[in-house]
A.B. asks: 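First the structure, then my questions, so here it is.
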Amino acid sequence: MSLLPSRFIYLTADFSFYIENHTRNPDDLSRKQVRIYQLYSRTTGKHVQILGKKINANGDDGALLVVETETFGSHVRIKGKESEHYICMNEKGKIVGRPDGRKQECVFVEEFLENNYTALVSAKYKGWYLGFNRKGRPKKGSNTTQRQQEVHFMKRQPKGKAGPLEEFRFTTVTKRTRRARRLKPNPKRN
């Protein structure tokens, strides 16, 4: 005997409304992650560095950034470890450093690209990316697209810190090592 009416419609839970509202107005009780890494620029071959109000991609190995993750998705705020200034994009698309990173202009969304690079698009100005020209100067957000090499970055661990994959030693198995294992005498058989 069924307790449900025959015309009962099964509804699936839709959390998109909740997630959209929660990312727009994050609370202080949600889990926020803080990571420290370097952003390697594909065009300059150097790292992004924040020097107060000025930001460039001419930093040496060791230019550390503090990346604060928002509650949902890949919304991040990027701050220079030494300068304590955040990377922000103003309404003209100019990249500037600000001491207070709570505004929506200082929030970027990480996009993971097929070529294993990361692009950072502004959360406030859709389609405007964080990018640097070959000399390491910031490009205007309105002049950038996801396909440009100027907006491609690679996350790197700080100097002297081993990544999670470097802790394990992997060995490759080749035809030669397989044959050597087969030819090795087994003492238990004799």
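Computed from heavy atoms alone, side chains included, the values below leave out hydrogens, waters and symmetry copies.
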A.B. asks: Locate the shortest heavy-atom distance separating E84 from K79; write the atom from each residue and the value.
C.D. replies: OE1-NZ, 3.5 Å
A.B. asks: With clusters defined by side-chain heavy atoms of hydrophobic residues (ILVMFWY) lying less than 4.5 Å apart, directly or transitively, does L130 cluster with V96?
C.D. replies: no
A.B. asks: Quick one: pull up OG1 in T69 and CZ in R77 and give me the separation to the nearest 0.5 Å.
C.D. replies: 11.0 Å
A.B. asks: Nearest 0.5 Å please: distance from the CD atom of Q38 over to the NZ atom of K155.
C.D. replies: 13.5 Å
A.B. asks: If only side-chain N and O atoms count, and only distance matters, is there a donor-acceptor pair under 3.5 Å linking Y129 with E111?
C.D. replies: yes
A.B. asks: Counting heavy atoms not belonging to E82, are there more than 12 under 6.0 Å from its CD?
C.D. replies: no
A.B. asks: With hydrophobic residues grouped by side-chain heavy-atom distances under 4.5 Å, do Y125 and I78 end up in a single group?
C.D. replies: yes
A.B. asks: Say you draw a straight line from NE2 of H47 to CG of D61; how long is it, rounded to the nearest 0.5 Å?
C.D. replies: 5.0 Å
A.B. asks: Test question: given the 4.5 Å side-chain rule for I, L, V, M, F, W and Y, name all other residues clustered with F112, or answer none.
C.D. replies: none
A.B. asks: Evaluate the side-chain proximity of N115 to R42: yes if any heavy-atom separation is below 4.5 Å, no if none is.
C.D. replies: yes
A.B. asks: Is the backbone N or O of K135 less than 3.5 Å from a side-chain atom of N58, with the two atoms forming a donor-acceptor pair by type?
C.D. replies: yes
A.B. asks: I need the L64 CG to S83 OG distance, nearest 0.5 Å.
C.D. replies: 11.0 Å
A.B. asks: Kindly give the cluster partners of M154, where membership spreads through any ILVMFWY side chain lying under 4.5 Å from a current member.
C.D. replies: Y40, L113, Y117
A.B. asks: Got a sec: does the CG of N116 have more than 12 other heavy atoms crowding it under 6.0 Å?
C.D. replies: no
A.B. asks: For the CD atom of E68 and the CD1 atom of I36, what is their distance to the nearest 0.5 Å?
C.D. replies: 10.5 Å
A.B. asks: Identify whether L120 and I50 are in the same connected component of the hydrophobic contact network (ILVMFWY, side-chain heavy atoms under 4.5 Å).
C.D. replies: yes
A.B. asks: In terms of hydrophobic clusters joined by side-chain contacts under 4.5 Å, are V67 and I95 together?
C.D. replies: yes
A.B. asks: Just verifying a value: how many Å separate M89 CE and S142 OG, rounded to the nearest 0.5 Å?
C.D. replies: 8.5 Å
A.B. asks: Where the side chain of H152 meets the backbone of Q146, is there a donor-acceptor pair that is under 3.5 Å apart?
C.D. replies: yes
A.B. asks: For the backbone of A57 and the side chain of T44, can you confirm whether one donor and one acceptor N or O come within less than 3.5 Å of each other?
C.D. replies: yes
A.B. asks: Just by distance, no angles: are the side chains of N56 and Q49 close enough, under 3.5 Å, to form a donor-acceptor pair?
C.D. replies: yes
A.B. asks: Ignoring hydrogens and geometry, is there a side-chain-to-backbone donor-acceptor pair from T43 to F132 under 3.5 Å?
C.D. replies: yes
A.B. asks: Which ring-ring contact (aromatic ring centres under 6.0 Å, His included) pairs, counting each pair once, include a residue from residues 84-109, with sequence neighbours left out?
C.D. replies: none
A.B. asks: Treating Ile, Leu, Val, Met, Phe, Trp and Tyr as nodes and any side-chain heavy-atom pair under 4.5 angstrom as an edge, say whether I55 and V76 lie in one connected cluster.
C.D. replies: yes
A.B. asks: Could you walk me through whether E91 and E105 pass the side-chain contact (heavy atoms from CB on, under 4.5 Å) check?
C.D. replies: CA-CA 8 Å; E91 65 277 354; E105 294 178 335; 3.8 Å; yes
A.B. asks: A quick test of your reading: do over 12 heavy atoms of other residues, nucleotides or ligands sit less than 6.0 Å from CZ of R137?
C.D. replies: no
